[in-house]
Amino acid sequence: MRNIFGIEIEYSKKENGYFIRETENNNENFQRMLEAFELFNSVNASQNAKPYIHFEKRRPQGTEHLFGLLHAVENRRKISFNYCKYWEDNISYRTVEPYALKEFRNRWYIMANDEKDRKIKSFALDRITNLQIQAEVFKLPPHYSPEQSYCYCFGIVGPNGHEPEEIVLAFTASQGKYIKSLPLHGTQQIVVDNKDELQIKLKLFITHDFVMELLSFGPELKVISPISLKEELLKSYTQAIENYSDDLIIK
């Protein structure tokens, strides 16, 4: 358990039994492992579970690369692979310095320094083929921390050269219940919570991923600040209306 999962099992004389010592390092990993085990155990326990359990249909996520990539990250080994972007058909060959693995919306990404232009980028594991772990090692940049670098990021789009901004959002009371139960980001703070609305405050880089997330709430959301974000959403809504203006008459 210690070697594979990083979980310490200790004996308590007082309680006359064994217990798992919870720490900040293993708590999240343990919870994820426990969720996976509970799901597997529940499905496996029933011989006729198929009619009652409906899984989301998903494409392969590239998780077959996880073990090799984690080895490369831990041992500071350069990696090379063929990569095909979602919006392009051509395949490019990349050699990178892998810094960390990151999960977002049930997809896994490798955060790495691309030797082509020396920029830190995210590469989706399900777009990687022909992964090779090289013998050549690299040095992690001094004072670089993937966790700190992405602490004000939404999703996998990295810092865009600007400073993170304070964002205030207002949700309808009904939508606010979901936002409280599943926060948009770790920086989320509740400003107003009453029968009419939920207002929250965030500190984030305003990236394309974040804007797309806000647009998904439609009329359930109103941006309070900053003005630049309000204008960006208004521009998207206006374009959406124009896409239908020839087909529908809005009353």
Side-chain angles (χ1 to χ4, degrees), residues 24 28 61-62 69 73 83 85-88 94 96-128 140-172 175-176 178-193 197-240:
E24 290 184 2
E28 184 176 348
Q61 299 173 318
L69 288 172
V73 170
Y83 193 72
K85 296 179 180 179
Y86 289 107
W87 56 90
E88 293 181 4
R94 306 295 183 103
V96 304
E97 299 172 352
Y99 291 164
L101 286 157
K102 184 174 176 61
E103 183 190 21
F104 180 64
R105 296 193 184 283
N106 295 318
R107 292 183 185 274
W108 282 94
Y109 301 83
I110 183 72
M111 323 309 291
N113 192 351
D114 194 344
E115 286 196 344
K116 182 176 66 174
D117 52 16
R118 304 307 300 177
K119 291 183 178 180
I120 299 176
K121 306 173 183 177
S122 59
F123 298 93
L125 267 58
D126 61 341
R127 312 300 294 178
I128 288 176
L140 195 68
H143 311 301
Y144 176 79
S145 167
E147 185 175 356
Q148 289 297 320
S149 298
Y150 284 84
C151 67
Y152 296 120
C153 296
F154 182 86
I156 49 86
V157 177
N160 51 18
H162 301 94
E163 292 296 318
E165 299 185 53
E166 185 176 284
I167 302 162
V168 179
L169 308 173
F171 293 90
T172 61
Q175 184 62 51
Y178 292 97
I179 300 301
K180 286 188 291 185
S181 64
L182 187 61
L184 287 177
H185 190 260
T187 61
Q188 178 172 311
Q189 298 179 26
I190 295 176
V191 179
V192 176
D193 186 6
E197 66 174 357
L198 172 76
Q199 280 193 26
I200 62 171
K201 181 170 65 176
L202 306 164
K203 188 175 181 180
L204 288 172
F205 295 102
I206 298 177
T207 60
H208 178 74
D209 280 358
F210 183 60
V211 173
M212 292 298 101
E213 178 73 9
L214 297 185
L215 288 171
S216 70
F217 292 104
E220 302 290 312
L221 164 70
K222 179 179 179 180
V223 175
I224 306 300
S225 65
I227 293 177
S228 59
L229 181 57
K230 296 176 69 171
E231 292 174 342
E232 189 164 356
L233 262 67
L234 180 60
K235 182 179 178 180
S236 295
Y237 288 133
T238 302
Q239 181 62 57

*Considering non-hydrogen atoms only, spot the tightest contact between I206 and P226 and give its length.*
CD1-CG, 3.9 Å
*asked:* Measuring from atom CG of L184 to atom CD1 of I179, what distance do you get when rounded to the nearest 0.5 angstrom?
replied: 4.5 Å
*Are the side chains of F210 and I167 in touch, meaning some heavy atoms are under 4.5 Å apart?*
yes
*Sub-3.5 Å donor-acceptor pair from the side chain of Y83 to the main-chain atoms of A124, do we have one?*
yes
_Taking salt bridge (Lys or Arg N to Asp or Glu O under 4.0 Å) as the definition, give me every residue that meets it alongside K180, ordered by chain and number, with sequence neighbours left out._
D193
_Pairs involving residues 208-227, ordered by first then second residue, that meet side chain to side chain donor-acceptor pair (under 3.5 Å) (sequence neighbours left out)_ = R105-E213, T172-E220
*Around atom OH of Y178, are there more than 12 heavy atoms of other residues, nucleotides or ligands at under 6.0 Å?*
no
*Not counting sequence neighbours, which residues clear side chain to side chain contact (heavy atoms under 4.5 Å, CB included) with P141? List them please.*
Y99, Y144
*Which residues satisfy the side chain to side chain contact (heavy atoms under 4.5 Å, CB included) test with E166, sequence neighbours excluded?*
K201
*Quick one: salt bridge (charged side-chain N to carboxylate O under 4.0 Å, His left out) pairs with a partner in residues 226-239, sequence neighbours left out?*
none
_Using the side chain to side chain contact (heavy atoms under 4.5 Å, CB included) criterion, which residues pair with L234? Sequence neighbours excluded._
T238
*Is the closest side-chain heavy-atom distance between I156 and Y150 below 4.5 Å?*
no
_Once side chain to side chain donor-acceptor pair (under 3.5 Å) is applied, what residue pairs with a partner in residues 114-125 remain, sequence neighbours excluded?_
K78-E115, R94-D114, E97-R118, D114-K121, D117-K121
*Do any N or O atoms from the side chain of Q175 and from the backbone of F171 form a donor-acceptor pair under 3.5 angstrom?*
no
*Taking only residues two or more places apart in sequence or in another chain, which ones pass side-chain hydrogen bond (donor to acceptor under 3.5 Å, both in side chains) with E147?*
none
*Quick one: ring-ring contact (aromatic ring centres under 6.0 Å, His included) partners of Y109, sequence neighbours excluded?*
none
_Residues that Q148 engages under side chain to side chain contact (heavy atoms under 4.5 Å, CB included), provided they are two or more places apart_ = S145, C151
*Just jot down the ring-ring contact (aromatic ring centres under 6.0 Å, His included) partners of F104, sequence neighbours excluded, or say none.*
F154
